[in-house]
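Take a look at the structure below.
Please read these numbers as outputs of a predicted model, since none were measured by experiment. Chain A is the first sequence line, chain B the second, and so forth, proteins listed ahead of strands; every chain is numbered from 1.
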Amino acid sequence: MSQLQPIKGTHDLMFEDIRRHRHVEETAFEVASRYGYGEIATPVFEFTDVFKRTLGDTSDIVTKEMYTFETKGGDSVTLRPEGTAGVARAFISGGLAQQTPLKFFYRGPMFRYERPQKGRQRQFHQIGVELLGVPTPQADIEVIALGAHILKELRLTGAVTLEINSLGDIESRAAYRDELVRYFSARTDQLSADSRERLARNPLRILDSKDPADKAAVVDAPRFTDHLNAASKDFFQQVQDGLAALDISFKVTPALVRGLDYYGHTAFEFTTDALGAQGTVLAGGRYDGLIKQMGGPVTPGIGWAAGVERLAMLLPELAQANRPIAVIPIGDEETKVALAVTNTLRHAGLSVDIAYSGNMGKRMTRANKIKAAFAVILGSDEVRDGVATVRNLDTGDQVKVAQADLARHLAAFK
RNA sequence: GCGGGUGUAGCUCAGUUGGUUAGAGCAUCUGGUUGUGGUCCAGAGGGUCGCGGGUUCGAGUCCCGUCACUCGCCCCA
């Protein structure tokens with residue numbers, strides 16, 4: 001084992017991995033821009049307070065999963081564990097309230113100090129969207145439709161399930177929370193140790209516990225959907241009708257909750273069973289209280305985030321990348337011509353690699369290795385005649401082409 | 001933070017009840033073929049068996065510790 005280790009939970013992306021990674025990001029951004037979303041790139045770190053205020057002091061993310069450190073100037077800063085807080089901070093500090101509605105797409109690395117496992121790393125990447133300033137269900141519908149559309153474009157529709165739920169407005173949520181606490185408090189002996197703790201801190205979380213005892217206790221628990229007030233119920237119904245109208249299939253899951261305090265009304269999750277324990281692939285919800293809670297003007301918002309690594313793992317095989325052309329000079333004198341030919345072809349928009357060393361057989365082998373479609377061979381005869389031998393590496397056919405016509409000849413096969 | 005599994009060649013792995021020189025396939029390199037690759041044939045290089053300690057005449061194999069990876073809990077995208 002080498003002395004030089006990567007930091008636990010971090011990975012180097014290269015070759016096929018990064019192709020898949022970029023494919024996810026670029027597909028997502030392309031689709032999002034069709035919906036009017038513009039890209040925003042916020043810093044990867046913020047004052048720690050930004051995350052404390054948005055995520056709440058009790059969430060596990062804040063209490064034990066943040067990379068927090070002190071700067072030389074004595075400020076406490078934190079590597080972002082998620083993307084919404086930074087966007088919300090940018091909204092406030094940039095005075096963007098005058099420009100609503102705003103639609104943002106973001107992508108980039110996030111950091112959480114967690115024990116790595118399948119689909120979970122310490123530095124991971126998310127793509128996400130935020131729609132700020134639209135209080136009506138149309139926003140919820142559009143944001144979910146966008147998520148579904150991206151997954152479709154990634155050819156993942158069959159691999160994921162959309163679950164939705166309503167967390168109601170503040171009034172409904174407070175009432176439901178009280179009811180839930182009353183219910184579980186009468187049954188603490190049936191709950192797992194973890195859930196007894198959740199009861200005090202985040203009772204909604206008991207609903208999606210994986211513990212068998214908890215699951216049994218949850219079966220007869222009061223349901224959120226039965227405790228929504230009229231306004232919340234109507235809001236949720238409109239979201240469901242809107243999704244149905246767009247032919248987006250979904251399942252209402254009363255146990256679906258959010259880990260973070262600022263969510264209300266719509267919560268949704270696209271999940272898969274193909275990734276082991278970390279099955280959530282794209283998830284989000286409405287956060288009407290967030291901007292205000294951070295000290296900004298009252299501004300409704302809704303958004304989601306998706307894990308790029310998780311999506312990349314699910315992705316079907318990507319189409320082969322464009323195959324390059326291999327230029328193969330045979331001697332030193334020919335190499336000079338080969339460099340000029342290579343330069344010309346590259347400027348003509350072709351992707352070209354040149355074999356710098358080895359005998360001809362070795363250079364041909366190298367051409368195979370980079371999956372070249374054609375070899376452009378330049379020996380003394382070719383150079384003397386101002387031509388090149390163009391060999392189709394799949395069929396073995398080869399023809400002589402004037403050097404001046406190479407770009408045109410090869411472009412036809414691109 | 002807690003629990004399970006795994007660490008042997010660049011990669012994937014085998015290695016018997018502890019036994020003398022640790023193997024295979026793939027990959028790499030060389031030659032057969034000094035202007036023609038993907039196939040084939042022949043050969044070569046490459047390992048302090050994760051690290052440290054212990055038991056033993058003898059440890060890749062057994063024991064203890066440690067580190068790393070991995071899966072799950074927790075949390076979450």
Test salt bridge (charged side-chain N to carboxylate O under 4.0 Å, His left out) applied to A:Arg107 and A:Glu39, step by step: CA-CA 8 Å; A:Arg107 57 177 135 189; A:Glu39 186 163 6; 2.7 Å; yes
Steps toward side chain to side chain donor-acceptor pair (under 3.5 Å) verdict (A:Thr161, A:Thr271): CA-CA 5 Å; A:Thr161 309; A:Thr271 58; 4.8 Å; no
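The aromatic rings of A:Tyr176 and A:His227 sit tilted relative to each other, their planes meeting at an angle between 30° and 60°.
Nucleic acid contact class of A:Glu82 (heavy atoms, under 4.0 Å, all strands): none. Within the 4.0 angstrom heavy-atom criterion, only backbone atoms of the sugar-phosphate kind lie near A:Asp194; the bases stay farther away. Nucleic acid contact class of A:Leu282 (heavy atoms, under 4.0 Å, all strands): sugar-phosphate only. Heavy atoms of A:Gly331 sit nowhere under 4.0 angstrom from any nucleic acid atom. Residue-level contact check: A:Glu309 touches neither bases nor backbone, having no heavy atom under 4.0 Å from any strand. Contact annotation for A:Ala367: no contact, since no heavy-atom pair falls under 4.0 Å across all strands. Nucleic acid contact for A:Ile377: base, since at least one base atom lies under 4.0 Å from a heavy atom of the residue.
Taking atom P in both B:U66 and B:C73, the straight-line distance is 25 Å, to the nearest Å. If you take atom C1' in B:U16 and the same atom in B:G53, they sit 27 Å apart, rounded to whole Å. For the C1' atoms, the distance from B:C13 to B:G35 is 41 Å, rounded to whole Å. Rounded to the nearest Å, the gap between the P atom of B:G52 and that of B:U20 is 22 Å. Between the P atoms of B:C11 and B:G50, the separation comes to 13 Å (whole Å). With both ends at atom P, the span from B:A42 to B:C51 equals 35 Å, rounded to whole Å. Atom name C1', nucleotides B:G25 and B:G18: the rounded distance is 28 Å, in whole Å. Rounded to whole Å, the separation between the P atoms of B:C29 and B:G65 comes to 45 Å.
Taking for each of A:His125 and A:Glu382 the nucleotide of RNA chain B with the nearest heavy atom, the 5'-most of the two is the partner of A:Glu382. Along RNA chain B, the nucleotide nearest to A:Tyr113 and the one nearest to A:Ser380 differ in position, and the one closer to the 5' end is contacted by A:Tyr113.
When rounded to the nearest whole Å, the span between CZ of A:Arg366 and P of B:U28 equals 12 Å. The separation between A:Ile328 atom CD1 and B:U36 atom P is 12 Å, rounded to whole Å. Straight-line distance from the NZ atom of A:Lys369 to the C1' atom of B:C26: 13 Å, rounded to whole Å. The distance between atom NZ of A:Lys210 and atom P of B:G3, rounded to the nearest whole Å, is 19 Å. At whole-Å resolution of the value, CG in A:Asp353 and C1' in B:G37 are 15 Å apart. Distance A:Phe124 CZ to B:A77 C1': 6 Å, rounded to the nearest Å. Per the geometry, CZ belonging to A:Arg363 stands 10 Å off P belonging to B:G35, to the nearest Å. The interatomic distance linking A:Glu197 (CD) with B:G1 (C1') rounds to 12 Å, in whole Å.
Between B:G35 and A:Arg391, no contact under 4.0 Å exists linking OP1 or OP2 to a side-chain N or O. Note on A:Lys362: every side-chain N or O is 4.0 Å or more away from OP1 and OP2 of B:U34. Residue A:Lys64 places no side-chain N or O under 4.0 Å from the OP1 or OP2 atom of B:C75.
A:Glu65 contributes no side-chain N or O that forms a donor-acceptor pair with the base of B:G1 under 3.5 Å. Between the side chain of A:Asn368 and the base of B:G38, no donor-acceptor pair under 3.5 Å is found.
Salt-bridge formation is detected for the pair A:Arg408/A:Asp405: a Lys NZ or Arg NE/NH1/NH2 atom is positioned less than 4.0 Å from an Asp or Glu carboxylate oxygen.
When only modelled atom types and interatomic distance are considered, A:Asp169 and A:Ser232 share a side-chain donor-acceptor pair under 3.5 Å. A:Ser195 and A:Arg198 are linked by a side-chain donor-acceptor pair at a separation below 3.5 angstrom, with hydrogens and angles left out of the test. No hydrogens or angles considered: nothing links the side chains of A:Ser380 and A:Glu333 as a donor-acceptor pair under 3.5 Å. For the residue pair A:Thr389 / A:Glu382, a side-chain donor-acceptor distance below 3.5 Å is found, with atom types taken as modelled.
Annotation: proximity of residues 114-123 of chain A to RNA chain B (heavy atom, distance under 4.0 Å) is found for A:Glu114, A:Arg115, A:Gln117, A:Lys118, A:Gly119, A:Arg120, numbered in ascending order.
Formation of a donor-acceptor pair under 3.5 Å by the A:Thr27 side chain with backbone atoms of A:Leu154 is not found in this model. Although no hydrogens or angles enter the test, the distance criterion places no donor-acceptor pair under 3.5 Å between the side chain of A:Glu142 and the main chain of A:Ala139. Side chain of A:Asp214 to backbone of A:Ser192: a donor-acceptor contact under 3.5 angstrom is found.
For the side chain to side chain contact (heavy atoms under 4.5 Å, CB included) with A:Tyr35, the qualifying choice from A:Val143, A:Ile150, A:Leu146 is A:Leu146, the only one to do so.
Here the nucleotide nearest the side chain of A:Ala277, chosen from B:C75, B:U28, B:G72, is B:G72.
Counting only Watson-Crick and G-U wobble pairs whose two key distances fall under 3.5 Å, RNA chain B forms stems of three or more stacked pairs at B:1-7 with B:67-73, B:10-13 with B:23-26, B:28-32 with B:40-44, B:50-54 with B:62-66.
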